[in-house]
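For the numbers below, each heavy atom of this structure counts, side chains included, while hydrogens, waters and symmetry mates do not. In this text the structure is predicted, and so the values were computed from the model without any measurement.
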Amino acid sequence: MRHIVLMLVQLPVKLIGLGQAVPPTIVCVNSVIVKLLGQCCRAKTQKVLTICHLAMGTIVQIVILVSLGLANLQRSTVSCTPLHSQLFDEVDLQSRAQLEEYRLNDDVWPTHYDIEIKPYFEPEPEKEAFTFDATTTIAVTVLKDNVTQIKLHKAHMNVTDWRVMRKSNSMPVGKVNETYNEETQIWTLNLKPSELVKNVEYNIVVNYVGRMEEDMGGFYRSYFKVNGKQVWLGSTQFEQTEARRAFPCFDEPRYKTTFTLKLDYKPDEYNVYANTPIVNSVPTRYNRTLASFGITPKMSTYLLAFIVAPYELKSSDVMGVLARPEALNQTDYSVQEGLKLLKALGNWVDYPFNSVPEITRMYMAAIPDFAAGAMENWGLITYRESSLLYVEEDATSMQQQRIASIISHELAHQWFGNLVTCEWWDVTWLNEGFATYFEYFGTALVEPLWELDVQFVVEKLQAAMQTDGSLATHAMTHTVYTQTQAAAMFDAISYNKGGVVLRMLEHYLSSDVFQAAIREYVKDRQFATARPEQLFTVLDKRNANASAFMKPWTTQPGFPLVTVTSHGNGVTLTQKRFIANGTDAEEKLLWPLPITFATKESEFESTTPTIVSSESHNITLANVSDVAYFILNNQQVGYYRVNYDEALWEKIGAALRSRAFGGIHVLNRAQIVDDLLNLAKADVLGYGKVLDLLSYLKQEMEYAPWLAAFNGFASLAPRIHPDDEKLFTQYLMDILTDVYEYVKFQAPTQYDRRLHTYLRRLVLDWTCRYGHDDCSKSAVKEFERFRTNPGVKVHPDLRQVVYCEGVRKGSSEQFDFLLNIFLTTNVATEQQLTLFGMSCAPKEETVNKFMNLVSSADVRSQDKASALSMLLNNQHALEPAASYLVQHSARWAEAHGGYRHVAMALGGILGRVNDVSVRTSIEQFAEASKDVLGREAYELIAAGLMQFDYNQNFTMNHREEIRGFLSQKAGSGASETVIYNVVVALCVTLAVVFRV
């Protein structure tokens with residue numbers, strides 16, 4: 001459902017759709033906290049680790065939400081604003097209720113909802129603006145004897161009246177009283193004894209007033225502008241636990257039932273949309289109309305959706321896109337691509353979407369304010385504008401792909417999530433893992449030239465490992481109770497690892513068997529909920545060992561490191577859990593390893609594995625000393641890292657430096673690059689050896705290995721000692737020389753591979769950032785040409801680097817030029833590109849302008865976190881940004897929803913800056929502002945300070961080896977240059993002498 005983006009990875013902060021291929025929406029603070037947990041618990045027992053996790057649980061979960069962009073933190077239980085500071089004794093980081101109390105019981109079961117809602121977007125007699133009157137009637141069946149209570153959820157509403165009646169004759173049930181738990185949001189209706197009879201249906205009727213808030217949760221309000229005037233609209237976001245804000249309900253996914261919705265609205269100003277089509281409209285008083293929508297399929301509360309907005313529709317066949325009128329001309333691509341994907345996915349599952357009789361059409365709506373990337377509501381999918389609207393001349397190729405893949409992700413949910421629903425959020429991966437798989441492999445059904453199978457490995461598998469390598473990770477199936485815990489399950493484990501494990505399963509079973517099993521699973525669990533055991537049962541019908549293979553990958557945290565040691569008769573494989581900070585986990589875990597290997601080019605195509613479950617395993621190879629190399633895990637299908645002994649690494653290095661890389665598959669080259677950099681970070685290998693092996697990149701011209709390299713370099717770069725940065729720059733420029741000449745600073749042609757275009761963007765980004773003369777001059781020249789003649793735009797696939805370098809090398813004039821475009825454009829993707837360009841500001845004056853912009857209403861709440869993420873990737877902006885936050889903390893807190901946002905911004909800076917004076921100023925600010933910050937924010941800053949210290953220690957511990965290699969490399973390069981110059985001079989001299 002909620003795409004994105006987002007994910008706990010220690011990579012440079014990238015924005016999805018800006019041409020960045022790393023999983024979208026990463027906030028550096030998140031990696032700070034995750035790594036902090038690993039370090040603070042270093043060498044501790046599992047019991048101590050658990051205590052550590054609980055003590056900082058709230059902090060971690062909040063940061064996870066921000067980094068994924070999956071929830072608006074204004075809705076968190078713990079809140080803090082500049083006007084209402086939180087004192088330490090007012091915060092309880094532990095749950096304020098017993099964990100079991102967060103779950104509803106099975107005394108009664110809902111069988112149908114009738115909901116009628118009447119929103120007010122402006123004040124009316126005795127009605128406040130942005131409220132709604134509503135009545136909800138819930139039909140329930142009593143399942144047990146002697147039931148005297150009905151427990152259900154509600155939140156953010158004022159109940160004016162409630163009653164319980166026998167459905168058959170409307171006879172009232174005697175009421176005793178009601179209670180409400182603010183923490184669990186459970187509303188208990190206490191009834192007289194013996195009134196409820198087992199197996200009898202009753203109606204719960206509730207009249208209430210709700211609020212349409214601006215926090216992008218529940219039934220909330222948003223706006224767009226027409227001629228400078230705000231035009232309000234109402235939309236919904238109910239996943240995971242926000243339906244209870246729009247109507248009282250049994251707000252857990254297992255309570256699947258049908259819904260009938262009525263909306264009372266003003267048709268002269270608005271249109272209304274919901275999961276199903278309108279079946280009846282009746283005029284009511286005060287120029288209003290009551291629209292009745294068709295009954296929904298049997299579904300969970302979080303999938304109900306409705307919109308009240310002055311929107312227009314663009315449609316083709318059964319696919320339609322809803323948008324504000326000014327953006328309707330940006331919907332053509334989504335309509336056509338969505339239609340192709342809808343049919344392709346239906347064919348793959350062998351279950352056309354409209355086989356569900358209530359869902360006769362599929363609407364997708366672009367919402368101006370939307371916390372997630374998209375939401376898969378059945379029949380009415382909602383998106384951020386930038387995730388759905390497409391203008392060819394203003395969107396990069398990556399933004400186009402992102403739109404298509406998000407559509408595929410959400411459409412996949414119509415089967416995996418809507419038709420078949422995870423029983424509880426502890427198995428969120430049953431929804432999100434499948435959607436992530438089809439995000440890539442579903443899109444590939446209609447876009448086969450995009451090489452999405454290649455992209456998946458780096459963007460999903462390697463990204464999942466960044467999160468899963470921490471001691472603070474969790475298993476795919478992981479017990480949760482509270483709202484915060486449930487929200488935290490929407491992370492890189494449920495999404496990325498879920499999709500990765502399914503891909504691994506596909507190669508284990510074969511594609512045909514995998515597809516047949518998934519088709520059976522969908523038909524078996526249609527209109528019901530699912531647990532992993534039910535999926536495994538279907539898989540075991542096709543392969544008796546399937547569940548034995550799958551279970552450890554879903555129930556154990558982390559993943560293995562496989563070490564390959566050569567000997568006279570072959571190689572020995574040993575496995576142990578990989579921990580990114582170099583420590584060992586106390587609990588010994590083993591996985592069923594899918595083993596494939598290659599010793600020559602032709603063998604990389606074999607991805608059907610042999611399963612090895614033991615800690616150690618021997619592979620017999622009679623000629624192991626004669627093979628060119630031994631590489632494990634063909635095409636990185638298996639979810640594990642690989643390390644080799646010295647002799648095998650030498651063979652791999654020699655092959656990589658040979659012609660055509662010795663035939664090593666491009667995905668295995670990406671795997672080797674990613675493993676090397678992460679093994680060095682974990683102190684398994686030395687940086688000298690790793691950087692030397694990575695020098696092969698000087699010959700690399702493919703996207704996946706370079707993306708893996710840049711991900712690793714982005715983590716390493718802030719840890720390079722300041723005095724060694726020039727040497728590191730020289731190293732980067734050396735290995736980038738040939739690939740820069742290969743991609744060139746030029747717009748793509750229609751004949752370019754999609755991945756070639758993506759490679760160009762990566763290479764130009766890094767070469768310009770590190771001062772490559774031709775790249776910088778070309779980018780600045782193009783920026784100034786555009787500034788002089790704005791009518792001729794920069795090609796979208798060059799726009800990111802041109803905008804960034806123009807601001808980086810410019811002044812306030814260049815910044816203000818982009819700011820004007822940002823404020824006036826009608827295209828969301830162009831807003832993203834200009835915001836990214838402005839984030840490249842290197843000087844205090846322009847950094848302050850950027851921070852002021854992000855703190856203003858001109859940057860929507862949905863975009864504030866990603867704007868900060870962009871800035872955190874700008875090393876030159878970190879010090880002035882820290883100064884700004886210290887001086888203007890109240891403004892930042894007011895704009896973002898609390899001091900925790902100040903703390904997370906400062907924590908993000910501390911995770912990347914290497915200037916001790918910045919650390920000092922932040923620490924002094926935290927101590928002086930302790931009471932205003934509150935305990936939560938103060939501890940977040942403290943975590944950031946610890947991360948800074950860890951980074952400093954890392955820098956000093958590895959400096960000698962890194963500097964030694966870089967110095968040697970620089971000296972070698974200088975010698976080569978001298979020799980080259982001497983040879984050239986000699987040739988010229990000989991040519992003159994002999995008059996050649």
Side-chain angles (χ1 to χ4, degrees), residues 12-15 17-20 386 391-399 729 733 736 740-741 743-749 757-854 858-859 866-867 870-871 873-877 880:
V13 179
K14 305 283 187 181
L15 176 67
L18 287 179
Q20 305 291 43
S386 60
V391 180
E392 184 175 6
E393 59 268 25
D394 284 319
T396 67
S397 300
M398 180 61 81
Q399 285 173 324
T729 298
M733 289 300 98
L736 283 164
Y740 179 84
E741 291 303 317
V743 298
K744 296 183 173 56
F745 196 104
Q746 63 185 22
T749 71
T757 299
Y758 296 169
L759 174 64
R760 177 184 291 109
R761 175 196 48 76
L762 281 175
V763 170
L764 297 186
D765 177 22
W766 278 76
T767 50
C768 271
R769 187 192 313 173
Y770 277 86
H772 188 283
D773 188 58
D774 183 72
C775 181
S776 180
K777 286 180 178 178
S778 299
V780 170
K781 180 180 179 181
E782 180 64 3
F783 186 95
E784 292 305 318
R785 182 214 52 79
F786 176 50
R787 197 159 70 96
T788 303
N789 184 13
V792 181
K793 297 181 178 181
V794 180
H795 190 282
D797 285 311
L798 291 177
R799 208 169 289 182
Q800 179 179 336
V801 69
V802 168
Y803 284 3
C804 182
E805 194 68 6
V807 169
R808 184 186 288 136
K809 292 294 194 291
S811 63
S812 288
E813 288 185 31
Q814 285 73 17
F815 184 96
D816 291 343
F817 174 72
L818 286 189
L819 176 60
N820 181 64
I821 297 174
F822 174 83
L823 295 174
T824 58
T825 184
N826 184 44
V827 180
T829 52
E830 175 68 348
Q831 271 205 326
Q832 285 186 335
L833 290 166
T834 52
L835 193 62
F836 179 85
M838 289 185 287
S839 75
C840 297
K843 302 171 186 174
E844 183 176 9
E845 178 186 5
T846 45
V847 171
N848 287 348
K849 281 190 172 189
F850 184 83
M851 299 293 277
N852 284 334
L853 173 67
V854 176
D858 290 323
V859 174
S866 57
M870 298 174 199
L871 192 75
N873 199 37
N874 175 4
Q875 198 71 24
H876 300 290

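- For Glu845 and Ser812, the side-chain atoms include at least one donor-acceptor pair closer than 3.5 Å.
- One distance of note links OG1 of Thr729 with CE of Met733; it measures 7.0 Å at 0.5 Å rounding.
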* To do: Take Cys840 and Glu805, measure what side chain to side chain contact (heavy atoms under 4.5 Å, CB included) needs, and give me the verdict at the end.
  => CA-CA 7 Å; Cys840 297; Glu805 194 68 6; over 6 Å; no

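- Side-chain N/O atoms of Gln831 and Thr825 include no donor and acceptor closer than 3.5 Å.
- The distance from the CZ atom of Arg769 to the SG atom of Cys804 is 7.5 Å, given to the nearest 0.5 Å.
- The heavy-atom pair separating Cys768 from Ala779 by the smallest distance is SG-CB, 4.2 Å.
- Taking the side chain as every heavy atom from C-beta outward, Leu835 and Met870 approach each other to under 4.5 Å.
- Remark: side-chain polar atoms of Glu830 are not paired, donor with acceptor, to backbone N or O of Val827 under 3.5 angstrom.
- Contact annotation: the side chain of Asp858 approaches that of Leu823 to within less than 4.5 Å [non-hydrogen atoms, C-beta and beyond].
- Remark: Phe822 pairs with no residue by the ring-ring contact (aromatic ring centres under 6.0 Å, His included) rule, at least two apart or across chains.
- Counting only distance, with no hydrogens or angles, the side chain of Asn789 and the backbone of Arg785 share no donor-acceptor pair below 3.5 Å.
- Shortest non-hydrogen contact noted between Ala747 and Leu798 is N-CD1, 3.7 Å.
- Nearest approach of Val792 to Phe786, heavy atoms of both residues: O-CD1, 3.4 Å.
- Scanning both residues, Ser839 and Leu871, for their nearest heavy atoms gives O-CD1, 3.5 Å.
- Within a 6.0 Å sphere centred on CD of Glu392, other residues, nucleotides and ligands contribute 12 heavy atoms or fewer.
- At a threshold of 4.5 Å between non-hydrogen side-chain atoms, the residues His772 and Leu736 do not count as touching.
- Among all heavy-atom pairs drawn from Ala877 and Ala841, the shortest one is CB-O, 3.7 Å.
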* Asked: Are Gln746 and His795 close enough, and set up right, to give a side chain to side chain contact (heavy atoms under 4.5 Å, CB included), and what steps lead you there?
  -> CA-CA 9 Å; Gln746 63 185 22; His795 190 282; over 6 Å; no

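- Pro748 places a side-chain heavy atom less than 4.5 Å from the side chain of Arg760.
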* To do: For side chain to side chain contact (heavy atoms under 4.5 Å, CB included), just list the numbers for Val763 and Tyr758, CA-CA rounded to whole Å, side-chain angles, deciding distance to a tenth of an Å, and then say yes or no.
  => CA-CA 9 Å; Val763 170; Tyr758 296 169; over 6 Å; no

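- Distance alone, capped at 3.5 Å, places no donor-acceptor pair between the Lys809 side chain and the Gly806 backbone.
- Applying the side chain to side chain donor-acceptor pair (under 3.5 Å) criterion to Tyr740, with sequence neighbours excluded, gives Asp774.
- Of all the heavy atoms in His876 and Pro880, the pair that sits closest is O-CD, 3.6 Å.
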* **Steps toward side chain to side chain contact (heavy atoms under 4.5 Å, CB included) verdict (Asp816, Lys849)** => CA-CA 9 Å; Asp816 291 343; Lys849 281 190 172 189; 2.8 Å; yes

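- Leu818 places a side-chain heavy atom less than 4.5 Å from the side chain of Phe783.
- Between Glu813 and Arg787, at least one side-chain nitrogen of the basic residue sits less than 4.0 Å from a carboxylate oxygen of the acidic one, meeting the salt-bridge criterion.
- Thr846 is listed as a side-chain neighbour of Lys843, based on a closest heavy-atom distance under 4.5 Å.
- Of the N and O atoms on the side chains of Ser386 and Gln832, at least one donor lies less than 3.5 Å from an acceptor on the other residue.
- Between Arg808 and Val780 the shortest side-chain heavy-atom distance does not fall below 4.5 Å.
- Here the rule is side chain to side chain donor-acceptor pair (under 3.5 Å) with Arg799, and of Thr396, Thr834, Asp394, Thr829 only Asp394 fits it.
- Taking the side chain as every heavy atom from C-beta outward, Val801 and Phe836 never approach each other to under 4.5 Å.
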